[in-house]
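Along the sequence shown, the residues carry numbers beginning at 1. Only heavy atoms go into these numbers, but all of them, side chains included; no hydrogens, no water, no symmetry mates.
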Amino acid sequence: MFAKQISTTDSSRSGTRRRWIGSVLGFAALVAASQIEVPFYPVPMTLQTLAVIGVGLTLGLRGALLAVSAFLLAGFAGLPLFAGGAGGPAVLIGPTGGYLIGFLVSAGFCGWAKDRGWTRSLLGSLAVALLGACLVYPTGLLQLGALMGFDKPILAWGLYPFILGDLVKAAIAGLALVAARRSFGA
């Protein structure tokens with residue numbers, strides 16, 4: 001009987017682990033699939049920011065970092081997962097590379113905030129999602145400026161056109177989290 005209990009417990013843990021890994025990989029695929037873009041130069045606008053925020057709000061710190069890292073690693077390995085179907089290590093050193101690193105920062109923050117309970121209310125979810133959207137910019141703008149020259153209109157190229165869209169994406173992510181929590185009781 002004792003052996004049967006251990007076997008059942010191990011089986012249960014194994015199933016939970018498989019579901020968790022499936023969730024992480026599924027969210028990595030969601031980020032990749034969100035490369036629907038509005039072409040801007042030199043940085044395109046995609047729905048990937050929405051997906052990255054959603055990953056953090058849903059999976060927590062550990063899962064968000066793993067999912068976004070899996071997405072980034074697959075893209076850097078050459079899969080066409082980045083905006084415009086780009087992939088490979090050259091993307092990391094290009095105009096969008098800093099924003100891709102910002103995805104990791106954003107997802108990590110949103111996950112960290114979720115783990116601390118900051119997303120339990122609508123206002124908290126919206127605030128975390130908005131800050132998560134903003135955290136993509138610092139690394140993105142720094143790399144864009146380093147590549148294009150800080151004497152160029154970096155903010156006009158890499159920030160201003162994205163503000164309204166990112167406000168909408170943050171609102172969608174925050175509202176979706178609250179709606180899902182109410183619907184599924186999670």
Side-chain angles (χ1 to χ4, degrees), residues 14 16-112 114 129 131-150 152-163 165-166 168-170 172-173 176:
S14 178
T16 301
R17 186 174 297 126
R18 279 193 299 272
R19 282 190 300 277
W20 188 80
I21 291 170
S23 294
V24 167
L25 294 176
F27 273 100
L30 176 67
V31 175
S34 300
Q35 64 173 285
I36 300 161
E37 77 176 74
V38 175
F40 282 127
Y41 173 82
V43 178
M45 180 185 300
T46 70
L47 292 177
Q48 288 177 318
T49 309
L50 170 62
V52 164
I53 294 167
V55 167
L57 294 176
T58 305
L59 295 180
L61 176 63
R62 184 174 165 211
L65 291 177
L66 286 171
V68 174
S69 293
F71 158 74
L72 292 172
L73 289 171
F76 295 143
L79 294 177
L81 304 181
F82 303 136
V91 176
L92 181 60
I93 58 172
T96 61
Y99 295 95
L100 293 171
I101 300 303
F103 284 176
L104 197 57
V105 175
S106 174
F109 167 75
C110 291
W112 177 81
K114 182 228 184 240
L131 188 51
C134 292
L135 287 174
V136 172
Y137 293 118
T139 55
L141 292 170
L142 282 172
Q143 183 155 331
L144 188 60
L147 289 172
M148 308 300 276
F150 287 102
K152 302 287 192 281
I154 299 304
L155 296 178
W157 289 344
L159 175 66
Y160 301 146
F162 302 96
I163 292 173
D166 283 345
V168 170
K169 290 182 240 180
I172 290 170

Item to check | Partner set under ring pair (Phe, Tyr, Trp, His ring centres under 6.0 Å) for Y137, not counting sequence neighbours | outcome: none
Checklist entry - Does Q48 use its side chain to pair, donor to acceptor, with the backbone of F82 at less than 3.5 Å? => result no
side-chain contact (heavy atoms from CB on, under 4.5 Å) partners for [X], two or more places apart:
| X | answer |
| --- | --- |
| I172 | L50, V168 |
| A176 | none |
| A83 | E37, P44, T46 |
| L73 | none |

Output the distance between atom [atom1] ([X]) and atom [atom2] ([Y]), rounded to the nearest 0.5 Å.
| X | Y | atom1 | atom2 | result |
| --- | --- | --- | --- | --- |
| K152 | L147 | NZ | CG | 12.0 Å |
| I154 | L144 | CD1 | CG | 4.0 Å |
| L135 | L131 | CG | CG | 4.5 Å |

Next on the checklist: Among residues at least two apart in sequence or on other chains, which ones pass salt bridge (charged side-chain N to carboxylate O under 4.0 Å, His left out) with K114?
Outcome noted: none
Sequence neighbours excluded and cut-off under 3.5 Å, please list the side-chain donor-acceptor pairs for residues 93-112, or say none.
{"from": "Y99", "atom 1": "OH", "to": "G158", "atom 2": "O", "distance (Å)": "2.9"}
{"from": "S106", "atom 1": "OG", "to": "G132", "atom 2": "O", "distance (Å)": "2.6"}

Which atom pairs, one a donor and one an acceptor, fall under 3.5 Å between side chains of residues 58-69 and the rest of the protein, sequence neighbours left out?
{"from": "T58", "atom 1": "OG1", "to": "G54", "atom 2": "O", "distance (Å)": "2.7"}
{"from": "S69", "atom 1": "OG", "to": "L65", "atom 2": "O", "distance (Å)": "2.7"}

Checklist entry - What residue pairs, at least two apart or across chains, pass ring-ring contact (aromatic ring centres under 6.0 Å, His included) with a residue in residues 48-69? => result none
What pair of heavy atoms forms the shortest contact from [X] to [Y], and how long is it?
| X | Y | value |
| --- | --- | --- |
| G85 | P80 | O-CB, 3.0 Å |
| A170 | A129 | O-CB, 3.3 Å |
| L81 | A74 | CD1-CB, 3.6 Å |

Checklist entry - Tell me, do W157 and F162 make a side-chain contact under 4.5 Å, heavy atoms counted? => result no
